[in-house]
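This report concerns only the one structure given below.
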Amino acid sequence: MTPLLVVYGAAALAGIMLAEAGYLLLAGRKDRRRAINRRMKLQERKLTQEQVLIQLRKERGVEGGPGLLSLHALRVLRAQSGLTMALPKFLLFTTGASFALAFAAITLGVPPLIALAAAPVLSLVLPVFVLRFLRKRRHKRFGVQLPEALELITRSLKAGHPVPVAIAMVAREMPDPIGSEFGVIADEVTYGSDLVSALHAMFERVGHEDLPLFVTAVSIQSTTGGNLREILDGLARVIRERGKLRRKVRAISAEGRISAYILSAVPMMLMSGLMVLMPQFYGGVWDKPMTWYLLGATGTWLLIGNAVMFRMANFRF
């Protein structure tokens, strides 16, 4: 009875850690109704512009040396995902979630050796998976906002405002993620950084594939001259057309993705149906180690098949 209580206690502790992680990730939604982006929400706390810039740079993973758990590639991924939680704390939560899943698997009948061996592997894979998911979601929002931001800069330049003022207007008028990112640019230019260096730093923080077009256009204009308003106006049209082409390709390749979803769901749905309708069908093999080895091999081949199908349906341009 005592080992079972230890397992339940560890699972409960991991559940509390997951709940706290979810709260930290989703906290501030109520404040966003008043403040349009993260930078303006910090300004509501009566912080100076310099303090706001320092806080944003810390949250975006720009400042601070690499710690014991802060690997460079993972730090870059965290910065591009938009996660404000410190990386060691995030790794602590994902590790706790991994071992909680392992303990839950043990209570369901999985051999302890297999479950405990899978927990460290899951604790390495889960943070990367979560951060890549957050980065993909953030890039999608950023790609939709970027043409609107360029058009807003173009209208501001047409009204006679200088470039830093036009960028600051984007930081005031647009929500996250692009509002806070352009706000960091405006603050960096205010405190002495040149515009091109600030744009390169934003590309490192965001990593969106359309940003090099904007950075290159401003860099060329700053060195050779030219009408920046016309350049940005044409660039906004190009980025919009790229977005349309990307969505069109995604619609064309939807059949392959749906096929992968269906082929992945059918075995699990069939197994779940058998366990509900005929619980004794698998009753005699759950305690056999070979059963779990075969299930692991089946899941591995299923993941490989899905990866091949998604690779065939994925077009990079």
Side-chain angles (χ1 to χ4, degrees), residues 1-22 25 69 71 73-74 77 81 87-88 90-136 253-314:
M1 183 63 67
T2 302
L4 189 60
L5 292 177
V6 173
V7 170
Y8 286 152
L13 179 61
I16 294 173
M17 295 171 62
L18 282 175
E20 184 179 355
L25 288 174
L69 299 177
L71 300 178
L74 202 59
L77 187 58
S81 68
L87 185 59
F90 173 72
L91 293 177
L92 178 63
F93 283 132
T94 53
T95 303
S98 301
F99 280 93
L101 292 175
F103 288 134
I106 291 174
T107 58
L108 294 176
V110 179
L113 183 61
I114 297 177
L116 294 178
V121 178
L122 186 60
S123 64
L124 295 176
V125 174
L126 186 60
V128 178
F129 177 79
V130 173
L131 291 177
R132 287 176 66 90
F133 171 78
L134 294 176
R135 182 179 66 175
K136 182 179 179 180
S253 61
E255 182 181 357
R257 295 195 309 274
I258 295 299
S259 299
Y261 294 148
I262 293 175
L263 293 176
S264 301
V266 166
M268 291 182 287
M269 292 176 61
L270 181 60
M271 184 175 179
S272 300
L274 286 174
M275 293 181 65
V276 172
L277 298 177
M278 302 175 61
Q280 72 280 4
F281 190 82
Y282 293 109
V285 296
W286 285 123
D287 56 343
K288 306 294 183 182
M290 184 59 66
T291 301
W292 299 101
Y293 294 143
L294 294 176
L295 287 176
T298 303
T300 301
W301 281 111
L302 185 63
L303 291 176
I304 293 175
N306 285 340
V308 172
M309 294 186 68
F310 279 110
R311 185 70 177 175
M312 292 173 62
N314 185 25

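- Contact detail for Ala117 and Pro120: the closest heavy-atom pair is O-CD, 3.4 Å.
- For the atom pair CZ (Phe90) and OG1 (Thr95), the distance works out to 9.5 Å, reported to the nearest 0.5 Å.
- In this structure, Leu295 CG and Thr300 OG1 are separated by 10.5 Å, a value rounded to the nearest 0.5 Å.
- Side-chain atoms of Ser98 come within 3.5 Å of backbone N or O of Ser123 as a donor-acceptor pair.
- Around the CD atom of Gln280, the shell of radius 6.0 Å holds more than 12 heavy atoms that belong to other residues, nucleotides or ligands.
- For the pair Leu101/Leu126, no side-chain contact is recorded, criterion being any heavy-atom separation below 4.5 Å from C-beta on.
- Note: Asn306 CG to Tyr261 OH = 9.5 Å, rounded to the nearest 0.5 Å.
- The line from CZ of Phe129 to CG of Leu124 is 15.5 Å long, rounded to the nearest 0.5 Å.
- Annotation for Met269: atom CE does not count as buried by contact number, only 12 or fewer foreign heavy atoms lying within 6.0 Å.
- Between the CD1 atom of Ile262 and the CD1 atom of Ile258 there is a distance of 6.5 Å, given to the nearest 0.5 Å.
- Expressed to the nearest 0.5 Å, how far CG of Leu113 lies from CD1 of Ile106 amounts to 9.5 Å.
- Of all non-hydrogen atoms in Thr94 and Pro127, the two that sit nearest each other are OG1-CG, 3.3 Å.
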